[in-house]
Student: 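Have a look at this one.
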Amino acid sequence: MRFLLFPFAILYGVAVRLRHFLYDKGWLPSKRYPFPTLCVGNLAVGGTGKTPMVEYLIRLLGQEQVAVLSRGYRRKTKGFVLADTSATALTLGDEPFQYHRKFPQTTIAVCESRQEGIERLLEHPHFQVILLDDAFQHRKVEAGLNLLLTSYSQLYTNDFLLPVGSLRDIRSRAHKAQVILVTKCPNLSEEAQQKIIQQLQPLAHQQVFFTRIAYAEEVCREGESQPLEDFLSMPFTLVTGIANPTPLVSFLQDKGAHFTHLSYSDHHHFSEKEIASLSQHERLLTTEKDYVRFGNALPQLYYLPIKTQFLNEKDKEAFDKKILSFVFSKF
């Protein structure tokens with residue numbers, strides 16, 4: 001199958017390289033703003049942990065200091081939308097709505113055009129940095145600092161362009177990032193980390209950091225939580241609509257949990273028929289990103305919160321210092 005798809009990957013690569021060539025030559029315009037803009041992105045199609053990294057940055061910088069601008073993938077609205085008390089996953093998209101629920105003092109906006117979105121936000125700025133969520137491919141805006149995420153289980157150096165692999169951009173674009181984050185790592189020795197760094201071949205201006213997914217010790221639903229160990233003591237159904245549920249499945253299996261896994265496509269919008277079917281299950285667990293799409297439709301549904309965690313404290317301190325210096329040295 002990969003062999004049959006290879007010609008399409010070549011054609012896709014030609015189109016992507018031509019686009020970058022036009023931007024690099026200035027024949028397609030790109031804009032840089034005199035305001036701190038920080039891009040969190042990847043080369044692959046989903047599954048690298050952008051959402052917990054954006055949340056990490058919001059916590060690091062402070063809710064009131066940050067505006068998050070996203071495309072709002074699979075939302076039912078068009079154009080620029082600023083999150084308010086009437087916002088839902090349908091008006092913002094699941095990830096922006098998740099940010100809005102968790103960080104009510106943070107400015108959250110969505111817009112297909114990153115330029116328009118930034119300019120609308122800057123009309124009344126009361127924040128000190130704009131986080132561009134999943135904007136590494138958007139050449140119309142040149143961010144001041146680029147964080148490139150790549151999953152430990154599928155490094156971009158081992159991947160290939162769509163539709164053969166999962167890369168939506170060429171590997172050489174990694175040189176544009178100032179920071180490379182290897183995400184969803186297991187425990188890695190210093191030697192193992194160095195081997196990965198050698199494989200990534202970072203340039204002199206690039207720093208490489210290693211992170212893992214840290215799962216909470218409790219599961220939550222609206223207005224309620226219970227210890228994870230208590231929830232896992234009885235069989236349940238796991239429902240996921242994310243790009244890569246494997247780390248979560250492995251985590252639950254390692255915990256000795258007994259569950260059935262219902263896996264849907266990334267950003268899946270659950271139909272009334274699917275919700276009715278899920279309502280027949282006595283105990284349900286999902287991801288936080290999926291949870292916001294259900295609303296209050298399934299009272300027996302819990303989610304397992306996650307956070308980004310650095311493999312060692314030294315890396316965390318170096319990363320935090322770089323981000324804080326970039327944002328607050330501008331003022």
Side-chain angles (χ1 to χ4, degrees), residues 36 38-44 46-63 65-66 68 95 98-99 102-103 106 129 131-134 136 143-158 174 177-218 228 242-244 246-248 250-251 254-255 287-289 304-329:
L38 194 161
C39 171
V40 178
N42 56 11
L43 299 181
T48 59
K50 292 187 299 295
T51 301
M53 175 51 62
V54 170
E55 293 184 354
Y56 179 94
L57 293 169
I58 294 173
R59 293 188 182 98
L60 172 66
L61 295 165
Q63 289 192 45
Q65 310 296 330
V66 176
V68 178
E95 290 150 338
Q98 178 177 320
Y99 304 145
K102 294 180 78 169
F103 307 105
T106 298
V129 61
L131 301 185
L132 301 174
D133 182 21
D134 195 17
F136 199 73
L145 185 69
N146 287 285
L147 310 186
L148 177 64
L149 279 58
T150 183
S151 175
Y152 167 83
S153 63
Q154 194 169 20
L155 299 173
Y156 61 81
T157 50
N158 297 331
Q178 290 85 6
V179 173
I180 300 173
L181 290 146
V182 182
T183 63
K184 302 185 177 181
C185 295
N187 290 326
L188 294 175
S189 66
E190 188 67 32
E191 181 181 2
Q193 293 180 38
Q194 288 302 316
K195 286 183 178 179
I196 293 173
I197 291 173
Q198 291 172 10
Q199 184 175 346
L200 296 176
Q201 296 183 330
L203 300 180
H205 72 278
Q206 296 180 307
Q207 291 177 275
V208 180
F209 299 98
F210 294 84
T211 69
R212 63 165 66 92
I213 292 296
Y215 293 94
E217 296 182 357
E218 59 183 16
L228 175 63
I242 56 176
N244 181 18
T246 302
L248 174 57
S250 298
F251 170 78
D254 291 344
K255 286 283 188 179
T287 68
E288 188 170 7
K289 188 169 78 168
L304 179 60
I306 62 173
K307 287 185 179 181
T308 288
Q309 188 178 77
F310 286 81
L311 293 195
N312 63 70
E313 189 63 26
K314 185 179 178 181
D315 272 5
K316 180 185 184 306
E317 291 175 358
F319 177 83
D320 290 358
K321 182 178 179 181
K322 187 174 187 68
I323 299 300
L324 292 169
S325 175
F326 167 73
V327 174
F328 296 110
S329 66

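The first residue of the sequence shown is numbered 1, and numbering continues consecutively from there. Note that these values count all heavy atoms, side chains included, but never hydrogens, waters or copies made by symmetry.
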Student: Return the minimal non-hydrogen interatomic distance between Thr106 and Val66, and the atom names on each side.
Tutor: CG2-O, 3.3 Å
Student: So, using side-chain contact (heavy atoms from CB on, under 4.5 Å) as the criterion, who are the partners of Ile197 when residues are at least two apart?
Tutor: Gln194, Pro202, Val208, Phe210
Student: Applying side-chain contact (heavy atoms from CB on, under 4.5 Å), name anything that partners Glu218, two or more places apart in sequence or on another chain.
Tutor: Cys220, Ser225
Student: Which residues pass the ring pair (Phe, Tyr, Trp, His ring centres under 6.0 Å) test with Phe310, not counting sequence neighbours?
Tutor: Tyr56, Phe319
Student: Just verifying a value: how many Å separate Gln309 CD and Ile213 CD1, rounded to the nearest 0.5 Å?
Tutor: 9.5 Å
Student: Can you list the residues that meet the side-chain contact (heavy atoms from CB on, under 4.5 Å) rule with Thr157, with sequence neighbours excluded?
Tutor: Leu155, Gln199, Leu200
Student: Output, in order, the C-alpha distance, side-chain angles, deciding distance and verdict of side-chain hydrogen bond (donor to acceptor under 3.5 Å, both in side chains) for Tyr156 and Asn42.
Tutor: CA-CA 9 Å; Tyr156 61 81; Asn42 56 11; over 6 Å; no
Student: Please report the interatomic distance CD(Gln178) to SG(Cys39), rounded to the nearest 0.5 Å.
Tutor: 9.5 Å
Student: Is there a side-chain contact between Leu147 and Phe136 in this structure, where contact means two heavy atoms from C-beta onward sitting under 4.5 Å apart?
Tutor: no
Student: Would you compute the distance between atom CG of Leu60 and atom CD of Gln65 and round it to the nearest 0.5 angstrom?
Tutor: 11.0 Å
Student: How about Pro52 and Ile306: do any of their side-chain heavy atoms sit closer than 4.5 Å?
Tutor: yes
Student: If you define the side chain from C-beta out and look only at heavy atoms, does anything of Arg59 sit under 4.5 Å from Lys102?
Tutor: yes
Student: Looking at every heavy atom in both Ala216 and Leu228, which two are closest together, and how far apart are they?
Tutor: O-CD2, 3.6 Å
Student: For the side chain of Gln98 and the backbone of Lys289, is there at least one donor-acceptor N/O pair under 3.5 Å apart?
Tutor: yes
Student: Under the salt bridge (charged side-chain N to carboxylate O under 4.0 Å, His left out) test, which residues partner Lys184, sequence neighbours left out?
Tutor: none
Student: Check whether any side-chain heavy atom of Val129 sits under 4.5 Å from a side-chain heavy atom of Phe328, and report yes or no.
Tutor: no
Student: Any chance you could lay out the side-chain contact (heavy atoms from CB on, under 4.5 Å) test for Leu38 and Ile323, step after step, and finish with the verdict?
Tutor: CA-CA 9 Å; Leu38 194 161; Ile323 299 300; 3.9 Å; yes
Student: Does the side chain of Val179 come within less than 4.5 Å of Asn146's, by heavy atoms?
Tutor: no
Student: Are Leu248 and Leu304 packed together at the side-chain level, in the sense that at least one heavy-atom pair is separated by less than 4.5 angstrom?
Tutor: yes
Student: Any side-chain heavy atom of Thr51 sitting closer than 4.5 Å to one from Tyr99?
Tutor: yes
Student: Decide yes or no on side-chain contact (heavy atoms from CB on, under 4.5 Å) for Asn312 and Gln193, but give the supporting numbers first.
Tutor: CA-CA 11 Å; Asn312 63 70; Gln193 293 180 38; 4.3 Å; yes
Student: Of all the heavy-atom pairs spanning Thr150 and Thr48, show the shortest one and how long it is.
Tutor: CA-CG2, 4.3 Å
Student: Begin with the C-alpha distance, continue with both residues' side-chain angles, and end with the deciding distance and a verdict on side-chain contact (heavy atoms from CB on, under 4.5 Å) for Thr183 and Tyr152.
Tutor: CA-CA 6 Å; Thr183 63; Tyr152 167 83; over 6 Å; no
Student: Testing the basics here: between Val327 and Pro36, what is the closest heavy-atom pair and its distance to 0.1 Å?
Tutor: O-CG, 4.0 Å
Student: Taking 4.0 angstrom as the limit, do Lys50 and Glu95 come out as a salt bridge?
Tutor: no
Student: Minimum heavy-atom separation for Gly47 to Ser151, with atom names?
Tutor: O-CB, 4.2 Å
Student: Does CD in Glu313 sit with more than 12 non-hydrogen atoms of other residues, nucleotides or ligands closer than 6.0 Å?
Tutor: yes
Student: How many angstroms lie between atom CG of Leu131 and atom CG of Leu61, to the nearest 0.5 angstrom?
Tutor: 6.5 Å
Student: With the side chain counted from C-beta on, respond yes when Thr246 and Ser153 share a heavy-atom pair under 4.5 Å apart, and no when they do not.
Tutor: no
Student: Would Leu132 and Val40 satisfy side-chain contact (heavy atoms from CB on, under 4.5 Å), going step by step from the backbone distance to the final call?
Tutor: CA-CA 6 Å; Leu132 301 174; Val40 178; over 6 Å; no
Student: Enumerate the residue pairs fulfilling side-chain hydrogen bond (donor to acceptor under 3.5 Å, both in side chains) with a member in residues 201-211, sequence neighbours excluded, ordered by first and then second residue.
Tutor: Gln207-Lys322
Student: Under a 4.0 Å N-O cut-off, is there an ion pair linking Glu55 with Lys307?
Tutor: no
Student: How close do Phe209 and Ala318 get, heavy atom to heavy atom, and via which atoms?
Tutor: CE2-CB, 3.9 Å
